[in-house]
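These notes are about the structure you will find just below.
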Amino acid sequence: MSNTDNLKETIGSLQKELAENPDRAILSYSSLSKLKEGLQSKATLRNHKLTIDEPTSFGGKDEGPSPVELILAALGSCQEITYKAFATALGIKLKSVSVKLEAKLDLKGFLAIDDKTRPGFQNIEGIVKIDSDAPKDQLDKLIDVVNAHCPVLDILQNKVPVKLSQTIVTDIDNKLVTKVA
């Protein structure tokens, strides 16, 4: 059995299982990160460790991608994976798929120089390169399906509720005090 047959069987089985048992479709993801030295953070995602850092021009050691670069990598790789999954499910043969993304970030927002400038990306633009001999109508359908079902694209295009609380640990008079805000 080829990898494509395996993937098609896996996706088909998963679709059938979740259609019959929708309560099993909800997955939880988590990450744990801690600032280490300078602007460097170490993150753990499942069994994977990741170093996140800023470039030296921004005060980091450049020992890993920056958080905003990870957003681009997440979008690009999620698009590629979603293309592969749906192409396989639809019986479309892909020779390859790759994504090149660029984004603009205005530091005046992040550095609190201009309150009217957002601190995040101003925009993201990119090109998805699909290498396939499939007919145009099949590829058009694939593109529509991918853009409708790519999780990271959805996260970036639609507001996701985010709630952050803070636990403040401080040493007052040699007594450890923890406050939850």
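None of these values were measured; they are calculated from a predicted model. What's counted below: heavy atoms across the whole structure, side chains too, no hydrogens, waters or symmetry copies.
A donor-acceptor distance shorter than 3.5 angstrom exists from the side chain of E69 to the backbone of S66, with no hydrogens or angles considered. In this structure, D114 contributes its side chain and K116 its backbone to a donor-acceptor pair below 3.5 Å. Here the side chain of S132 pairs a donor or acceptor atom with the backbone of K93 at under 3.5 angstrom. Under a 3.5 Å cut-off, the side chain of D131 and the backbone N or O of K95 do not form any donor-acceptor pair.
Residues L72 and L153 fall within the same hydrophobic cluster, defined by Ile, Leu, Val, Met, Phe, Trp and Tyr side chains chained together at heavy-atom separations under 4.5 Å. Residues L39 and I52 fall into different hydrophobic clusters, defined by Ile, Leu, Val, Met, Phe, Trp and Tyr side chains chained together at heavy-atom separations under 4.5 Å. There is no path of hydrophobic side-chain contacts, each under 4.5 Å, that joins V97 to I81. In the hydrophobic clustering of this structure, I11 does not group with L18; members are Ile, Leu, Val, Met, Phe, Trp, Tyr whose side-chain heavy atoms approach within less than 4.5 Å, directly or through other members. With hydrophobic clusters built from ILVMFWY side chains whose heavy atoms lie under 4.5 angstrom apart, I113 shares a cluster with L107.
Heavy atoms of other residues, nucleotides or ligands lying less than 6.0 angstrom from CZ of F110 number 12 at most. No more than 12 heavy atoms of other residues, nucleotides or ligands shown are found within 6.0 angstrom of CD on E125. Counting heavy-atom neighbours within 6.0 Å of E17 CD, excluding the residue itself, gives a total above 12. The number of heavy atoms from other shown groups lying within 6.0 Å of CG (D23) is above 12. The number of heavy atoms from other shown groups lying within 6.0 Å of CG (L111) is above 12.
Atom CD1 in I130 sits 9.0 Å away from atom CD1 in I92 (nearest 0.5 Å). Put simply, CD on Q40 and CD on E54 are 11.0 Å apart, with the number rounded to the nearest 0.5 Å. To the nearest 0.5 Å, atoms CG (L7) and CD (E9) are separated by 10.5 Å. Distance check: T56 OG1 to E63 CD gives 11.0 Å after rounding to the nearest 0.5 Å. Here the CD1 atom belonging to I143 is positioned 12.0 Å from the CD atom belonging to Q138, to the nearest 0.5 angstrom. In this structure, CD in Q79 is found 5.5 Å from CG in N147, a value given to the nearest 0.5 Å.
The shortest non-hydrogen separation linking R118 to Q122 is O-NE2, 3.3 Å. Between L101 and G76, the shortest heavy-atom contact is CD1-N, 3.6 Å. Heavy atoms only, all atoms of each residue included: L94 and Y83 are closest at CD1-O, 3.8 Å. The nearest pair of heavy atoms linking T51 to P65 is O-CD, 3.5 Å. Considering all non-hydrogen atoms of both residues, S31 and L45 come closest at CB-CD2, 3.4 Å. Among all heavy-atom pairs drawn from R46 and T44, the shortest one is O-CG2, 3.6 Å.
Between E80 and K84 there is no salt bridge, since none of the side-chain N atoms of the basic residue sits less than 4.0 Å from a carboxylate O of the acidic one.
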(message) Quick one, V99 with L75, criterion side chain to side chain contact (heavy atoms under 4.5 Å, CB included). Give me CA distance, side-chain angles, the key distance, then yes/no.
(response) CA-CA 9 Å; V99 179; L75 176 58; 5.9 Å; no

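Residues D62 and S57 form no side-chain contact, since every pair of their non-hydrogen atoms from C-beta on lies 4.5 Å or further apart.
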